[in-house]
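Since the model is a prediction, treat every value here as computed from it, not as a measurement. Per chain, numbering begins at 1; letters A, B, ... match sequence-line order.
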Protein chains: 2
Amino acid sequence: MTREKAYDLLLEIAKNAEKKTGIPAYPRSVLNVMSAAALSNNVFWVARYSREAFNLLIEILKELEKRNLVNLQAGVELTEEGKKLLQDVGYEIKFRICDHCKGRTILFDEILDKDVVREFIKIQENRPPAIQEFDQGFVTSETTLARVAYMYYRGDLRNRDIIILGDDDLLSIAVGLTNLANRIVVIDIDKRLTEFIQRVSNEYGLRIEVYTEDLRRPLPEDLCRKFDVFQTDPLESLNGFKVFVGRGIAALRGERCAGYFYLTLVDASIDKWREIQRLLLTEFNVVITDIIPDFSEYVNWNLYFEEMQAWKILPESLRQIPRDGWYVSTLFRIETLRGSRGLFETISSEENIYYDKELASA
Amino acid sequence: MTREKAYDLLLEIAKNAEKKTGIPAYPRSVLNVMSAAALSNNVFWVARYSREAFNLLIEILKELEKRNLVNLQAGVELTEEGKKLLQDVGYEIKFRICDHCKGRTILFDEILDKDVVREFIKIQENRPPAIQEFDQGFVTSETTLARVAYMYYRGDLRNRDIIILGDDDLLSIAVGLTNLANRIVVIDIDKRLTEFIQRVSNEYGLRIEVYTEDLRRPLPEDLCRKFDVFQTDPLESLNGFKVFVGRGIAALRGERCAGYFYLTLVDASIDKWREIQRLLLTEFNVVITDIIPDFSEYVNWNLYFEEMQAWKILPESLRQIPRDGWYVSTLFRIETLRGSRGLFETISSEENIYYDKELASA
């Protein structure tokens, strides 16, 4: 097939998939899915390797199947025709990350005390399970520890005042165990979590201040402009993101404070990433200092895996619960500078921050 | 010292340093320098760890010395008073990156063929030395190989049409040796370099197309909108950046193509990073997909190390040529999406793209 003809075909597939999902799709989106299918048969892992939004990926797969470019009868498989097309106009994803740090750039067990690691792993075994109501899905304990280690590496831990917005990852407990932070505050809407964190904090003397609050409401006045660092694993609807990260920035003292958040390419398209980055650069007026791909690995939210949007749209033949690790998110670190500003306004509780058309795992 | 009093002191130091350099300075800039001074005595390594612009760092050190917070008699050393201040209101940079991938997230020798690595290291030994006229300073051969490996990891190598804007790093040769790319084009203003690359390309049959051109002029028409990927290690004046990266985007085919460039925090302040990111998000309208800190290590530009701006402003007692590796840059990967656009206009050759007040190594 000529390059031009192949391009027309890919464009047609992209257009159809976009029509079904409302998510921007490109010829490269299709090639990303096909290249990823060369690496795995499991649809969830194809999502990870392709870096395309899950809902879009499913529609692309269906279009590819119609044209006999993939076979979906037993997992995802490129047909001979599909392989030929990929060979002619595609590329190759040589997926091989550092197996020492797992592509995180740092190792938590080289940066944190052995005791911190051991205690945290023990404590988190009794955590409340993830529930769908608040779109929860927590990271592996290695990920939580790596997040703390990364803060330390960047000068954002010792002696710092730290606020965590939404904490089903139990980051506050890991930070507390290091005994390095000056102040730790957690806000979460879920009573099960805040009670768990409070109990552990009391038991271990971690001095974590715990608030059970809905972030759609402005931060309590005594938490505004009081911190050096925030951490949040935000909702990935644009409104959800704005609330979590905007409140995070509002909690910071002023210039040259740091914020950490995490974004997937499962529940957010690359076009949404651009919208989010525009929001950061123009409205919040911060600078992005680090973007570490796939820093965070999540544990499957077993209580509701089969209830989520992504499962419902999946062809029967692809409904196999994958091993953990397919759902990953990218670490973003930002800094405030002159003119940075957070979100101080109320967001109407009518506003659905838990939904938009790109969310697949919700 | 109370936190408030310490803050006033840091603010005063920052203000004075900003007045001298014209570079935005913050209390945290001062703390960054002091925290870095706890890790090294060599001023160039203090620059690396602090992540503050070099020209600013020097003025901060002078201000700190005046207040007896550092001693500059034999390299950079915190005084007892300085240590106390850091203890009271500072933090700690736990500088420990993965020693396996050196914080790059991938290993070039796991991704590239052994032969490619060996041949490239041999070939680059005969390269032309870096000269000041074009603000050259090339990366280590490991870095060049890691850049190629990262492209492969991201699907930006096999079967791709690749353009390299400015190539004292000899990336084109490393890409050529893999025999994976579909097309390789190099543009450089320096005849010594383009002749060297052409000679190697002929000798090894790498089919590199070499252009000797000034990027201030628009790209030759037959190079516009023709590539899948660009690579450039741009000048770090805002105008220089705009020219290198804008021309790179102009060379791309259209949507979902990729670009790689590198920025330091030696020659560019964190405020300039924000300006650059705003340019990317609003004017060029691209998305940033990866920011890997300190991905690239440079070899000291020995021919003119003592001629550069940074050397001239250095107090006598700090003038010690450091070992390689202090000068690092951060990898940025961008993708074009709908509405992205490059730079097609001519930049006046009167315009000095080689200078602005933040450049220290020029």
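With a 4.5 angstrom heavy-atom cutoff, B:Arg154 touches chain A via backbone and side-chain atoms both. Contacts between B:Thr282 and chain A at a heavy-atom distance below 4.5 Å involve the side chain alone, from C-beta outward. Of the atoms belonging to B:Arg338, heavy atoms from both backbone and side chain fall under 4.5 Å from chain A. Within the 4.5 angstrom heavy-atom criterion, no atom of B:Phe108 approaches chain A. For B:Glu275, no part lies under 4.5 angstrom from a heavy atom of chain A. Only the backbone of B:Ala25 comes within less than 4.5 Å of a heavy atom of chain A; no side-chain atom from C-beta onward does.
In plain terms, the two heavy atoms of A:Arg3 and B:Asn159 that are nearest each other are NH1-O, 4.3 Å. The minimum heavy-atom distance linking B:Ile292 with A:Pro293 is given by the pair CD1-CD, 3.6 Å. Residues A:Asn285 and B:Arg278 approach most closely at OD1-NH2, 2.6 Å, considering heavy atoms.
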Check the pair B:Arg274 / A:Leu281 against side-chain contact (heavy atoms from CB on, under 4.5 Å), numbers first and verdict last. CA-CA 7 Å; B:Arg274 180 171 62 174; A:Leu281 267 301; 3.9 Å; yes

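Within residues 26-33 of chain A, the residues having any heavy atom less than 4.5 Å from a heavy atom of chain B are, in residue-number order, A:Tyr26, A:Arg28, A:Ser29, A:Asn32. Contact annotation for residues 259-268 of chain A against chain B (heavy-atom separation below 4.5 Å): no residues qualify.
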